[in-house]
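First comes the structure, then the notes that go with it.
For this chain, numbers begin at 1 and follow the sequence in order.
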Amino acid sequence: MKKKPLLFKIIRFIIRIFYRKREFLGQENLPENPSVIVMNHAQMHGPLDAELFFPTKKLIWCTGEMMNKKEVPAYAYKDFWSFKPKWSKWFYKMLSHLIAAPFAYVFKNADCVAVYRDMRIINTYKESVKALERGENVIIFPEKIDSYNEIINAFQDKFIDLARLYYSKTGKDLSFVPTYNAAKLKKVVFGKPITYDHTTDNTQERARVTEYLMTEITSLAKDLPVHTVVPYANVPKKQYPKSK
């Protein structure tokens with residue numbers, strides 16, 4: 001991994017002081033071989049927990065726009081604050097520009113690889129396979145805007161294709177670990193992994209693995225004490241659902 005600049009280390013240290021450490025449960029479910037950790041986003045809690053406290057070496061998939069200060073404002077406003085009341089939108093548009101440089105700096109120096117929805121995704125896959133070959137886990141937050149249930153949003157499924165490339169490079173099938181971030185409980189829970197089968201049609205495997213991950217993460221949430229779920233969308237806190 002790239003050497004971290006001193007300024008980044010200072011920023012990371014300060015954040016750790018004010019951001020309460022998470023408890024990681026179910027670590028016995030992590031495979032011996034490096035794997036893909038699939039986690040709900042829980043707004044900024046998922047990426048923060050992954051960067052600050054994750055118990056193994058890792059590479060985190062990060063939206064490429066958040067690693068480019070010119071692209072941060074438009075993406076941040078749309079993804080973080082588009083649900084805010086109309087009267088306050090001027091403030092969040094201004095804020096999206098103010099955070100551009102510091103956010104891009106932090107994400108570029110964190111344990112992240114940029115993810116784009118175009119041909120640049122090939123580089124994301126290649127860097128991810130290299131990380132897996134180094135023995136690092138790859139962490140992905142695949143939720144999209146569409147709702148799935150009261151716990152998570154539906155998942156994008158193209159990240160499953162990483163398994164094909166990994167098999168072609170190593171001859172090994174890749175495992176995906178469902179992981180639930182219970183931000184309000186200060187807990188992250190690992191579920192039982194599912195292994196991609198390279199002998200099966202890719203479209204079929206995408207659907208099978210994705211459905212298992214969404215179902216299992218939902219079960220992990222419901223097995224915990226009833227709690228407030230931090231949703232993918234940055235909606236008002238009064239709209240946060242309860243696990244049931």
What's the shortest heavy-atom distance between Glu143 and Gln156, and which atoms? O-NE2, 3.7 Å
Path from Phe18 to Phe53 over hydrophobic side-chain contacts below 4.5 Å: no
Kindly write out the residues that satisfy side-chain contact (heavy atoms from CB on, under 4.5 Å) with Ile17, not counting sequence neighbours, or none if the list is empty. Phe13
Quick one: pull up CG in Leu7 and CD1 in Ile11 and give me the separation to the nearest 0.5 Å. 4.0 Å
Quick check: is Tyr167 connected to Ile194 through a chain of hydrophobic side chains (ILVMFWY, heavy atoms under 4.5 Å apart)? no
Which distance, rounded to the nearest 0.5 Å, do you find between the CD1 of Ile139 and the OG of Ser128? 11.5 Å
For Ser243 and Val229, the nearest pair of non-hydrogen atoms, with its separation, is N-CG2, 3.8 Å
For His227, give me all partners under ring pair (Phe, Tyr, Trp, His ring centres under 6.0 Å), at least two apart in sequence or on another chain. Tyr180
Could you go through the side-chain contact (heavy atoms from CB on, under 4.5 Å) check for Phe155 and Lys144 one step at a time? CA-CA 6 Å; Phe155 284 1; Lys144 55 185 179 179; over 6 Å; no
Closest non-hydrogen atoms of Ala114 and Gly64, given as atom of the first, atom of the second and distance, are CB-CA, 4.0 Å
Check Phe107 against Cys62 and note the closest heavy-atom contact, atom names and distance. CD2-SG, 3.6 Å
Val129 and Leu162: CA distance, side-chain angles, deciding distance, side-chain contact (heavy atoms from CB on, under 4.5 Å) verdict: CA-CA 8 Å; Val129 170; Leu162 179 59; 3.8 Å; yes
Residue pairs fulfilling salt bridge (charged side-chain N to carboxylate O under 4.0 Å, His left out) with at least one residue in residues 235-244, sequence neighbours excluded: none
Output the distance between atom NZ (Lys58) and atom SG (Cys112), rounded to the nearest 0.5 Å. 8.5 Å
Looking only at heavy atoms, which two atoms of Lys4 and Lys9 are closest? And how far apart? O-CE, 3.4 Å
Exam field: side chain Thr179 to backbone Val177, donor-acceptor pair closer than 3.5 Å: yes
Starting from the C-alpha separation in whole Å, work towards a yes-or-no answer on side-chain contact (heavy atoms from CB on, under 4.5 Å) for Phe176 and Ile160. CA-CA 9 Å; Phe176 296 79; Ile160 303 296; 4.0 Å; yes
Evaluate the side-chain proximity of Tyr116 to Thr124: yes if any heavy-atom separation is below 4.5 Å, no if none is. no
Angle class for the Trp61/Tyr125 ring planes (parallel below 30°, perpendicular above 60°, tilted otherwise)? tilted
Point-to-point distance, once rounded to the nearest 0.5 Å, from CD of Glu216 to CG of Asp223: 8.0 Å
Please tabulate, for side-chain N and O atoms in residues 204-212, each donor-acceptor pair with protein atoms closer than 3.5 Å (sequence neighbours left out).
| unit_1 | atom_1 | unit_2 | atom_2 | d |
| --- | --- | --- | --- | --- |
| Glu205 | OE1 | Asp197 | N | 2.7 |
| Glu205 | OE1 | Arg208 | NH2 | 2.8 |
| Glu205 | OE2 | Arg208 | NE | 2.7 |
| Arg206 | NE | Asp161 | OD1 | 2.8 |
| Arg206 | NH2 | Asp161 | OD1 | 3.3 |
| Arg206 | NH2 | Asp161 | OD2 | 2.6 |
| Arg208 | NH2 | Thr195 | O | 3.0 |
| Thr210 | OG1 | Arg206 | O | 2.7 |
| Glu211 | OE2 | Tyr148 | OH | 2.8 |
| Glu211 | OE2 | Thr215 | OG1 | 3.3 |
| Tyr212 | OH | Lys192 | O | 2.7 |

My understanding is that only residues two or more places apart in sequence, or in another chain, count here; which of them pass side-chain contact (heavy atoms from CB on, under 4.5 Å) with Glu32? none
To the closest 0.5 Å, what do you measure between CZ (Phe91) and CG (Leu98)? 8.0 Å
Residues forming a side-chain contact (heavy atoms from CB on, under 4.5 Å) with Lys57, sequence neighbours excluded: Glu136
Donor on one side chain, acceptor on other, His45 and Tyr19, under 3.5 Å: yes
Arg164 and Asn202, any side-chain heavy atoms less than 4.5 Å apart: yes
With clusters defined by side-chain heavy atoms of hydrophobic residues (ILVMFWY) lying less than 4.5 Å apart, directly or transitively, does Leu52 cluster with Leu6? no
May I have all residue pairs that pass salt bridge (charged side-chain N to carboxylate O under 4.0 Å, His left out) and include part of residues 38-54, sequence neighbours excluded? Arg12-Glu51, Arg22-Asp49
Can you list the residues that meet the ring pair (Phe, Tyr, Trp, His ring centres under 6.0 Å) rule with Tyr232, with sequence neighbours excluded? His41
Donor-acceptor pair, Gln43 side chain versus Ala233 backbone, under 3.5 Å? yes
Answer yes or no: does atom NZ of Lys169 have more than 12 heavy-atom neighbours from other residues, nucleotides or ligands under 6.0 Å? no
Stepwise, does the salt bridge (Lys or Arg N to Asp or Glu O under 4.0 Å) test hold for Glu150 with Lys222? CA-CA 10 Å; Glu150 72 278 10; Lys222 293 181 180 294; 2.5 Å; yes
Kindly give the cluster partners of Trp87, where membership spreads through any ILVMFWY side chain lying under 4.5 Å from a current member. none
Mind checking whether Phe8 and Val106 have side chains closer than 4.5 Å, heavy atoms only? yes
According to the interplanar angle, ranging from 0 to 90°, do the rings of Phe103 and Phe80 count as parallel (below 30°), tilted (30 to 60°) or perpendicular (above 60°)? tilted
If you take all heavy atoms of Asn29 and Gly191, which pair is closest and at what distance? CB-O, 3.1 Å
Reported CD-to-CG distance for the pair Glu28 and Leu30, which is rounded to 0.5 angstrom: 8.5 Å
Can you list the steps and then say if Glu127 with Lys130 is a salt bridge (Lys or Arg N to Asp or Glu O under 4.0 Å)? CA-CA 5 Å; Glu127 291 301 316; Lys130 289 179 183 178; 3.5 Å; yes
For Val235 and Tyr240, what are the C-alpha separation, side-chain angles and deciding distance, and is it a side-chain contact (heavy atoms from CB on, under 4.5 Å)? CA-CA 7 Å; Val235 297; Tyr240 287 13; 4.0 Å; yes
For a quick test of your reading: what N or O donor-acceptor pairs under 3.5 Å do the side chains of residues 33-40 make, sequence neighbours left out?
| unit_1 | atom_1 | unit_2 | atom_2 | d |
| --- | --- | --- | --- | --- |
| Ser35 | OG | Asn137 | OD1 | 3.4 |
| Asn40 | OD1 | Asn181 | N | 2.6 |
| Asn40 | ND2 | Asn181 | O | 3.2 |

With sequence neighbours excluded, what pairs up with Tyr196 under the ring pair (Phe, Tyr, Trp, His ring centres under 6.0 Å) test? none
Give the table of side-chain donor-acceptor pairs shorter than 3.5 Å for residues 69-78, with sequence neighbours excluded, one pair per line with atom names and distance.
| unit_1 | atom_1 | unit_2 | atom_2 | d |
| --- | --- | --- | --- | --- |
| Glu71 | OE2 | Asn68 | ND2 | 3.1 |
| Tyr75 | OH | Thr63 | OG1 | 3.2 |

Asn123 side chain vs Lys126 backbone, donor-acceptor pair below 3.5 Å: no
